[in-house]
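These notes are about the structure you will find just below.
What you are looking at is a predicted structure, and each value in this text was computed from that prediction instead of being measured.
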Amino acid sequence: MARTPQGFPRPARLTRPSEFRRVFAHPRRSSDRYLTVLAAPNDLGHPRLGLAISRKVSPRAVERNRIKRLIRERFRHLQAELGNLDFVVIGRHGLTQLPAAQLNEILERHWKRLSRQSGNAS
RNA sequence: CGAGUCGGCCGGACAGUCGCGGGGAUCCACGGGAUCCUCGAGGAAAGUCCGGGCUCCACAGGGCAGGGUGCCAGGUAACGCCUGGGAGGCGCGAGCCUACGGAAAGUGCCACAGAAAACACACCGCCGAUGGCCCACGGGCACAGGCAAGGGUGAAAAGGUGCGGUAAGAGCGCACCGCGCGGGUGGCAACACGCCGCGGCAGGGUAAACCCCACCCGGAGCAAGACCAAAUAGGGAGGCCAGGAUGCGGCCCGCAUCGCCUCCGGGUAGGUCGCUUGAGGCAGCCGGUGACGGCUGUCCCAGAUGAAUGACUGUCCCCGACAGAACCCGGCUUACAGGCCGGCUCGAUUU
């Protein structure tokens with residue numbers, strides 16, 4: 001683990017369909033009216049993040065990109081506290097109306113709760 | 001200065017910190033990572049409405065069906081695009097708009113009004129010369145009949161103006177305008193003509209209604225398509241032990257099936273290519289009214305694949321619109337805060 005804890009390189013992301021399927025198969029959930037977060041443990045020694053922001057969230061690509069960037073940015077800052085979990089964040093309709101500060105707050109609450117439930121928060 | 005019109009351009013800036021994708025160099029405990037350098041969304045990247053390249057499939061030729069285009073010429077790889085020109089319409093003007101072939105091929109459709117919507121018609125009208133009667137010789141009366149100028153309806157009533165003509169009228173005649181046909185001249189052509197001749201003269205609209213005419217058009221799309229290739233099902237070829245198992249045989253031989261190895265084939269997960277050097281950008285010169293073309297020089301300018309441009313802080317201003325590449329180009333259309341530059345037009349003002 002020589003990786004800088006502030007970075008967000010490829011190994012910290014879910015990339016393959018099979019990795020997404022693994023999380024969707026047996027997830028812990030945490031959700032509200034803006035988004036749903038799924039989590040499943042891994043044995044890598046660090047958390048990973050996957051995003052599912054569909055057209056239902058917003059028909060405009062610019063808005064979807066903005067949401068994904070904000071989520072990744074928040075993950076980058078918090079990843080050291082999240083334990084060995086794979087997260088998938090699913091956006092819901094109306095997410096684009098949420099101010100950035102509030103989005104950050106919501107994300108932190110979901111991630112930390114799921115991390116605590118798994119009992120391996122660092 | 002105000003109003004307008006056409007064309008071109010920009011689309012927050014700078015600094016710092018933490019991050020992301022591509023490329024290059026160097027290094028390391030090399031299917032990974034580190035350091036440094038460098039590049040990293042748009043004018044519409046959008047809608048996917050046209051046109052092409054590219055790829056695979058289909059294909060002798062011709063025709064039909066279906067779809068598209070529709071003044072002429074040019075540009076282009078091509079176009080439904082662009083440029084120039086013509087015609088018609090709008091505007092004082094610069095300029096703008098046009099789905100702009102055919103309704104004297106056929107079929108269909110067209111409210112209301114109006115006498116009549118076409119073999120035109122006669123509601124109100126005009127005349128009543130000719131023939132009849134009366135007469136104070138000016139004329140009057142009634143009928144037969146003639147007429148389509150005026151009124152009225154309508155989107156449209158078979159051309160307009162004037163003169164002649166007549167009882168009143170009428171392309172009835174004439175002149176000019178308009179229309180059609182033939183010719184001439186100019187123009188590559190569309191078309192034009194204040195050129196000539198002929199005809200008193202066709203004709204309501206609608207073809208983004210059917211239709212006719214001319215020209216054009218195979219289909220599917222980068223999840224196209226090509227390659228590498230664990231796994232797995234079954235297959236083909238050769239070899240191995242002349243050893244074995246099972247079946248058919250009383251037994252031998254023999255035949256069939258089974259085993260192991262190699263190769264071929266196959267193609268799932270996954271990976272690689274396609275993937276960015278191109279009908280390319282910029283500058284200069286040349287040809288062209290222009291779209292555009294030619295030559296020379298120069299530059300390399302996103303290539304991701306859950307998918308990269310962001311976050312935070314500070315300073316400034318007029319406080320930031322529409323909006324995110326996904327094979328690539330050429331167009332069109334639509335969205336858009338604010339701003340810059342230039343040409344031209346109209347009006348006002350100033351010395």
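Within residues 57-67 of chain A, the residues having any heavy atom closer than 4.0 Å to RNA chain B are, in order of number, A/R60, A/A61, A/V62, A/N65. Residues from residues 20-39 of chain A that place a heavy atom under 4.0 Å from any atom of RNA chain B, listed by number: A/F20.
For A/R60, the salt bridge (Lys or Arg N to Asp or Glu O under 4.0 Å) partners two or more places apart in sequence, or in a different chain, are A/E63. Under the rule for a side chain to side chain contact (heavy atoms under 4.5 Å, CB included), the partners of A/R66 that lie at least two apart in sequence or sit in another chain are A/L70. Not counting sequence neighbours, A/R64 has no partner by the salt bridge (Lys or Arg N to Asp or Glu O under 4.0 Å) test. With sequence neighbours excluded, no residue satisfies side chain to side chain contact (heavy atoms under 4.5 Å, CB included) with A/R33.
A/L70 has its CG atom 14 Å from the C1' atom of B/rG19, to the nearest Å. Summarising the geometry, the separation between CG on A/L49 and C1' on B/rA307 is reported as 14 Å, rounded to the nearest angstrom. If you measure from atom CZ of A/R69 to atom P of B/rG21, you get 13 Å, rounded to the nearest angstrom.
Comparing B/rG290 with B/rG84, their P atoms sit 10 Å apart, to the nearest whole Å. Look at the P atom in both B/rG67 and B/rA46: the space between them is 31 Å, to the nearest Å.
The side chain of A/R76 lies closest to B/rC18, out of B/rC20, B/rC18, B/rG324.
Under the Watson-Crick or G-U wobble criterion, with both distances below 3.5 Å, B/rA192 is paired with B/rU185.
Contact annotation for A/A52: base contact, defined as any heavy-atom pair under 4.0 Å involving a base atom.
Relative ring orientation between A/F87 and A/W111 is described as tilted, the plane-to-plane angle lying within the 30° to 60° band.
The stretch residues 83-96 of chain A participates, sequence neighbours left out, in these salt bridge (Lys or Arg N to Asp or Glu O under 4.0 Å) pairs: A/R22-A/D86, A/R48-A/D86.
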Contacts under 3.5 angstrom, residues 101-110 of chain A side chains, donor-acceptor by atom type, not counting sequence neighbours:
{"unit_1": "A/E108", "atom_1": "OE1", "unit_2": "A/R74", "atom_2": "NH2", "d": "2.7"}
{"unit_1": "A/E108", "atom_1": "OE2", "unit_2": "A/K112", "atom_2": "NZ", "d": "2.9"}
{"unit_1": "A/H110", "atom_1": "ND1", "unit_2": "A/S30", "atom_2": "OG", "d": "2.6"}
{"unit_1": "A/H110", "atom_1": "NE2", "unit_2": "A/D32", "atom_2": "OD2", "d": "2.9"}

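Syn is the classification of B/rG249, since its glycosidic angle stays within 90° of 0.
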